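For clarity, every value in this text was computed on a predicted model and none was experimentally measured. Below, chain A is the first sequence line, B the second, and so on; all start at residue 1.
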Amino acid sequence: MAQIFLNQKKINKAKALGANIAQNIHDYIKDYTTDSVERSVLRLYGVDDADDEKTPLCNKIVDILKKEKLINSGVSKYFAAAMLKTDSHANKTAEMIINNKIDLKKVLSMQSLEKISEKEQTLAQDAVSVLDRSKKVKNAKKAGFPLCEKPYRYVIVATGNIYEDCTQAESAVYSGADIIAVIRSTAQSLLDYIPSGATTTGFGGTYATQKNFSIMRSALDKISKQQKRYIRLVNYASGLCMPEIAVCSAFEDLDILLNDSMYGILFRDINMKRTFIDQHFSRLICTRADIMINTGEDNYLTTSDAVEKAHSVTASQIINEAMAKQALLPDDLLGLGHAFEIDPEMENGFLYELAHAMLAKKLFPNAPLKYMPPTKHKSRDIFFSICMDTMFNLASIATNQGIHLAGMPTEAVHTPSMSERHQALNSVNYVFNTAKNLCDEIEFKKDGIISKRAKQVLDSTIDLLEKINKSGLMSAISQGWFAQIKREPDKGKGFDGVIKKSENYSNPVFDIISK
Amino acid sequence: MAQIFLNQKKINKAKALGANIAQNIHDYIKDYTTDSVERSVLRLYGVDDADDEKTPLCNKIVDILKKEKLINSGVSKYFAAAMLKTDSHANKTAEMIINNKIDLKKVLSMQSLEKISEKEQTLAQDAVSVLDRSKKVKNAKKAGFPLCEKPYRYVIVATGNIYEDCTQAESAVYSGADIIAVIRSTAQSLLDYIPSGATTTGFGGTYATQKNFSIMRSALDKISKQQKRYIRLVNYASGLCMPEIAVCSAFEDLDILLNDSMYGILFRDINMKRTFIDQHFSRLICTRADIMINTGEDNYLTTSDAVEKAHSVTASQIINEAMAKQALLPDDLLGLGHAFEIDPEMENGFLYELAHAMLAKKLFPNAPLKYMPPTKHKSRDIFFSICMDTMFNLASIATNQGIHLAGMPTEAVHTPSMSERHQALNSVNYVFNTAKNLCDEIEFKKDGIISKRAKQVLDSTIDLLEKINKSGLMSAISQGWFAQIKREPDKGKGFDGVIKKSENYSNPVFDIISK
Amino acid sequence: MNKNLIKPYGDTLNDGIIQLCFTLPVKNSAKAKKAAAVYLSELNLEEIRIVHCHRIAENFTYIVAFARAIPFIDYSKVKADEAETGKLDFYKINKLIKEKLMRKIVVVGASIGCDAHSVGIDAIMNMKGYNHDYGLERYPQIDAYNLGAQITCEELVSYSVRVNADAVLVSQTVSAKDAHIGNLTQLVEILEAENLKDKFILIAGGPDISNDFACKLGYDAGFGHSTIPSSVASFIVTKLLKKKGEI
Amino acid sequence: MNKNLIKPYGDTLNDGIIQLCFTLPVKNSAKAKKAAAVYLSELNLEEIRIVHCHRIAENFTYIVAFARAIPFIDYSKVKADEAETGKLDFYKINKLIKEKLMRKIVVVGASIGCDAHSVGIDAIMNMKGYNHDYGLERYPQIDAYNLGAQITCEELVSYSVRVNADAVLVSQTVSAKDAHIGNLTQLVEILEAENLKDKFILIAGGPDISNDFACKLGYDAGFGHSTIPSSVASFIVTKLLKKKGEI
Ligand code: B12
Ligand code: B12
Ligand SMILES: Cc1ncc(COP(=O)(O)O)c(C=O)c1O
Ligand SMILES: Cc1ncc(COP(=O)(O)O)c(C=O)c1O
């Protein structure tokens, strides 16, 4: 790979600061659960139905527990007890609870705590084996095809209609895509439940539902076979339902989830405590089910300047990595994000992009970095946008990135149409092939613009991490140190879903997968 | 500049072979003149009118001399004598000759040879001072603006209508062009005369006429002032009228001429002797009038494969340089051509392009290399073509080229329209700025693909030059060693215009400018 | 020919050349190529050149074409539909407010509904401004309140009433499946229901919003892509002065 | 709806989305932008979005637009207009010539007029061929003569008569200001004048040539961009067999 020289001691220092920052958050969150974590437990236990109004049963049950003020002990034991009582499957049991056929207030006293605990264990073991199954199934599928070369070619589909999405995905794979991301309908991340069923009415994206996941998964499996390569499926976890989305994704064998420890806080005004707790559980699930996470540092550069605030991206990557390590994620599932977002009018901007991209590679040599294309400065002159993307494609192959989001000529116009995705992939395919081994050929001058820039960003990162470590991450966020957006620890959406664990809180799935 | 290591001894060897090859040609051509050289003398003496059928008077006079078998002595003394006789200006004299008012057979005997020779000297001195004037005028204009940064941005206009060409040129300059080339109407190079007047009816280009030159020159001067930078004007010399075009270009203050020692032979089936003689005189004029030449090695790669025959480009550059040196051209007027023409589907093709581009820089460090965009492998998917051009733009700035022909998205479709030129220049402007100093940053691995490739091409070049030197250039061409096109020494268009000089041949302009 | 009659220009006046790109939902084949040409002939085009056809899915063909457009339009009859701003600058605007209105004016802005895009409204409101043009917060004579993104119509209205706003600025970026129309319409309905419609100068903005479009929805003006803050301030001041009878 | 009715596809069936790019010969301004929209509405388009306007000269505005195309066409009624080649391959063609025609066939090719582009005709004639498809010179049953470029019509005709050609292949690349039409027409006129028109199978080819177009000029067939040699050989053989009454 093209090399730049960085002081290893500085790298170590930055990593140590990150670990400390993450540990402090971890010390806080270990005493809390959330509505969504509890709903995830129900989903893991098999509750996946919705009522006639399309409200998921798991939401209703958690609401009941909250109303009854029982939630602090966790939903697990109540539901296990209820299942013992009904002696039926999970959805049936859930229905009976909702229809007041079973009173959760009383259900614990109806059988021995030992039996309940045993049932919890069985349910949890079953749940975990479902997660394990997903890992196995995916590995088996991958084994059937030749290894996919990096950078993986990643495109989004966003028609709002899952069936049209499949058509678009098929075309994208045909043009060379390795990864298909189904973008969610705008603001789904603010919904405190996961919609259900196949959907056709999203805005700027398609609802993330378990059914939609499975429809797309089948479509991709079909194309995989035709094209003789494994096609990865991506959806979005960050939001009010992070862990639940992770569960559904594991059920439907998704490969990657957008899952950032701070995106929801900053860009969706979701409460930070809620987010920190949710991301942890969701990532534990990803670890177990072999789902790669993709973080969202690229987003910072849509509100901040990419040169001025480059170090905030690096600092966030280090924090995201440290938090991921708390959730046991191995390096190869760590799709840390960064982006090619420097103003195209900046003199030598491309040199800075190379510096940033190589810094990320140097800091996270084993992580499959997710490299985002230019978006903010994309032109509405689609012909010019293609030039920017071509340069981005080159930066990606020249610095050996892991996951390459194909930039779209119409980025500044509309969600991509079928022809535009084809145009975008044509450029990616061409550049990746024509400059295939460029990364092995070039060396950068030690004292050149590029090397100096990488050092400078690393230095600023360490400064920022030191400040954050001193004040604590929550306070850092409330001071607007990321993306220049300020969020208060006790404000934001979903704060009422943060729950203090009681002494007898139980969540056996958590216990198993966090070991 | 990005560096590759080449053995200086090998470079010297290649250059020595080139010098030898050129010397052999020179030894041949010094005893010959051509119709066009003689017509150039007339143009230099002031004969620029045409008759009612638009046939240039200079053609008619040379025809008369040929018919009378007087041409071997050169037109100069006959015309000088005639002028003495008429005591009028050149066009008037020419008219009288054509209307048989003056008999060229007899004109020499009508006055003393000394007086004629004196008149020739005056005419020649005046002619040369016109050439010198052009150099001065251009330098004065340039001095009025800031220095233009290399690579110069070069675009073509080709509407067929000189007035539309001006509109197109204005727009191109507005979008950033530094150089405007007015492409000639298809096959003008096969016309054995220069059309006259303002023209509006060309096919795939606009006729090169002195009037058209002057119309475009004024248009560009106007835009120059508006945009506060000097805009260079290009036309095409290679063809049956090489030296005459050079003369007209000097008269109208053109800056650059496409002027290759072999293009016409290979691509236009023009007789090789004719071409060698014509190019020499035309280049002498360029030297004197400060007109940069651009050679056409890029064309080879439209009929040969760019990887397989890369060394034929290099060999031709070396020969073109050696011949240019015979015509006293200084390095800064030596726009040697090469091109980015490797199949976009070739793995690591871009690395090869970089190798070729750097080899050229290394061989001709002081020549303003003319770098041509992809043309042969351009897609009719204009969106993909933009990707190719963007990579080409990068190769150009990364290797510090002199003159950059902007690639057009519609290269494989039609001659460029106004919007397409704008799109093309947008890409050039962006890449040149965003990667401005990339060339100072990168070093290539000594034993990498790029370095090896450059060495390999140099080696093959030396092999080829050795073969050419052994067989002689004319025989090399007849064996198809350039562009895989075979041409016979005594075949091809314009052979009947090759004239053996008699002992008393005179061409005082030649004598002055070849010193 | 009437010199006001215009059509596209390729490289010669009135050659009518235009470029098109689209996908047809049919299998790539000679017939698909022909269909593309037939289709374009339905669009008032001639000398159609289908220069590129490519299969981009089993039953989809990607097409690049050039053609000559047939109609002319009379340019003298075209009427631009941008909001009339008078094009005042920072200094003139502040001066006018101070001297003619003789009080500070109050502007409230937000990106409404589930639209999380705040950069657009920020560009208009924040100190820093946009494209070297100061944002409204910088104007000494304007009290500017930027509520940010994801603001419900109700929140925006009650806030505007509270601070006695002169103008309410609404940003909408997501327009897929007409998402923006729903949000913008809802705001107007609420204002009408509460009889507040004429209390505020109501302005919409966003990359896909034109003045025409916004006016049709009941807004006083609409501003599109690359609007600069002073155009908006200009419009507001001019409108207020008109209301006051000062112009 | 009749499922044969089609229109462009953006990301949803029948959304009609197409992209356009062109230049208008007017000064960039709000009025120019509006004119672009008005113009496109004359092209049977709706929901027109002029997404980009840029001054590219004093009085010229560059425009990028998206819109929805209104008409449908009936795909079942579209008739492709490629030459009917029967799609035989190298081996079948040689076999057919040998077994059914029982003599070698003679083909002469050239790029005529002042057109110096020879790569196209070479692609069809040379041994090497094009896109992994052998050129006519490689066919054991074909005597192929490639005269190259810049050949006058007269030269081509007299040569073809001399070698008793079965088929004459003509290449034309330069089509600016319809340069190719002149050359192609001239050849047909000469052949007609000399009563040779029916003696040869007359085929035109080049990037801008379609079968329709060539047939209209009096050619037996026309072949466009990325033609492979076997298609041409296929056409010739099929035609000769038909003449002979073998099919
Ligand atoms: C930055 C960005 C984001 C950021 C937003 C961060 C933030 N805090 O704002 C993040 C990453 C969060 C984001 C998310 C999404 N985005 Co977004 N995003 C963009 C992006 C890259 C840039 C937008 C921008 O900041 N432009 C710069 C500003 C200055 O320009 P502007 O908004 O046009 O504003 C100017 C004018 O319009 C006007 N103006 C704007 N508002 C107002 C208001 C008034 C009153 C006035 C007078 C003027 C005015 O003045 C401004 C200055 O000139 C665009 C693509 C692009 N390059 O345009 C996509 C884009 C807007 N996003 C898009 C989508 C679909 C989404 C998502 C829905 C995707 C998804 N499903 O997850 C999400 C969810 C967003 C949501 N629910 O709203 C689409 C919208 C498609 C469409 N037309 O419907 C775009 C076009 C990308 C694409 N091609 O798909 N996005
Ligand atoms: C190579 C080339 C040249 C070379 C030609 C070398 C040579 N010996 O052929 C050189 C440098 C000499 C040249 C010169 C010029 N060129 Co040129 N050239 C090209 C270029 C880059 C590639 C053409 C090519 O080789 N294509 C590859 C072959 C295999 O494809 P093809 O020709 O389409 O052939 C295929 C089919 O069409 C078909 N086919 C072709 N002929 C025939 C015949 C038969 C019988 C059949 C069955 C099939 C068939 O089969 C072939 C295989 O599939 C094109 C741009 C481009 N990328 O297309 C411009 C291009 C063709 N040139 C162009 C122009 C304008 C010129 C000049 C006139 C410019 C000038 N004013 O100086 C000159 C003069 C040429 C002249 N008088 O003819 C324009 C033509 C514009 C137009 N549509 O009118 C083009 C499109 C470039 C542009 N955008 O401006 N050119
Ligand atoms: C990490 C991460 N999560 C989620 C999202 C999308 O979230 P939403 O659905 O809230 O738009 C993004 C968007 O870019 C992201 O980067
Ligand atoms: C050196 C040189 N001369 C002349 C020309 C153009 O010549 P013609 O007018 O014969 O097409 C070219 C074309 O590319 C060239 O490279």
Partner chain A: residue of B:Asn426, B:Asn393, B:Asp389, B:Asp447 with the largest heavy-atom pair count (under 4.5 Å): B:Asn426
State whether the number of non-hydrogen atoms from other residues, nucleotides or ligands found under 6.0 Å of B:Glu149 atom CD is greater than 12. no
Please look at B:Asp381 and chain A and tell me whether the side chain, the backbone, both or neither of the residue comes under 4.5 angstrom of a heavy atom of that chain. side chain
Determine whether A:Gln423 and B:Phe384 satisfy the following criterion, side chain to side chain contact (heavy atoms under 4.5 Å, CB included), listing intermediate values before the conclusion. CA-CA 7 Å; A:Gln423 292 164 351; B:Phe384 182 66; over 6 Å; no
Minimum-distance pair of heavy atoms, taken over all atoms of A:Asn433 and B:Pro344: ND2-O, 4.1 Å
Select one option (side chain, backbone, both, neither) describing which atoms of B:Ile342 are under 4.5 Å from chain A's heavy atoms. neither
Measure the shortest side-chain to side-chain distance between B:Leu354 and A:Leu438 over non-hydrogen atoms and say whether it is less than 4.5 angstrom. yes
For A:Phe350, does its backbone N or O pair with a side-chain atom of B:Thr434 as donor and acceptor, under 3.5 Å? yes
How about A:Ile442 and B:Glu443: do any of their side-chain heavy atoms sit closer than 4.5 Å? no
Out of A:Thr390, A:Asn429, A:Asp343, A:Ile382, return the one with the most heavy atom pairs under 4.5 angstrom to chain B. A:Thr390
Counting only heavy atoms not in A:Gln226, do more than 12 sit closer than 6.0 Å to its CD atom? yes
Residue among A:Pro409, A:Ala435, A:Ser379 with most heavy-atom pairs under 4.5 Å to chain B: A:Ala435
Is B:Phe383 close to chain A through its backbone or its side chain, or both, or neither, when contacts mean heavy atoms under 4.5 Å? both
Within a strict 4.5 Å, meaning less than it, do heavy atoms of the A:Cys387 and B:Ile386 side chains meet? yes
Can a salt bridge be assigned to the pair B:Glu347 and A:Lys436 using a cut-off of 4.0 Å between side-chain N and carboxylate O? yes
Contact origin within B:Glu441 toward chain A - heavy atom pairs under 4.5 Å: both
Mind checking the OG-CE spacing from A:Ser427 to B:Met391? Nearest 0.5 Å is all I need. 8.5 Å
Using a 6.0 Å cut-off, check whether atom CD of B:Gln456 has over 12 heavy atoms from anything other than its own residue. yes
Check each atom of B:Ile450 against the heavy atoms of chain A and say whether the ones under 4.5 Å are side chain, backbone, both or neither. both
Less than 4.5 Å to any heavy atom of chain B: does that hold for the side chain of A:Leu351, its backbone, both, or neither? both
A:Ile449 side chain near B:Asn437 side chain, heavy-atom distance below 4.5 Å: yes
Around atom CZ of A:Phe145, are there more than 12 heavy atoms from other residues, nucleotides or ligands closer than 6.0 Å? yes
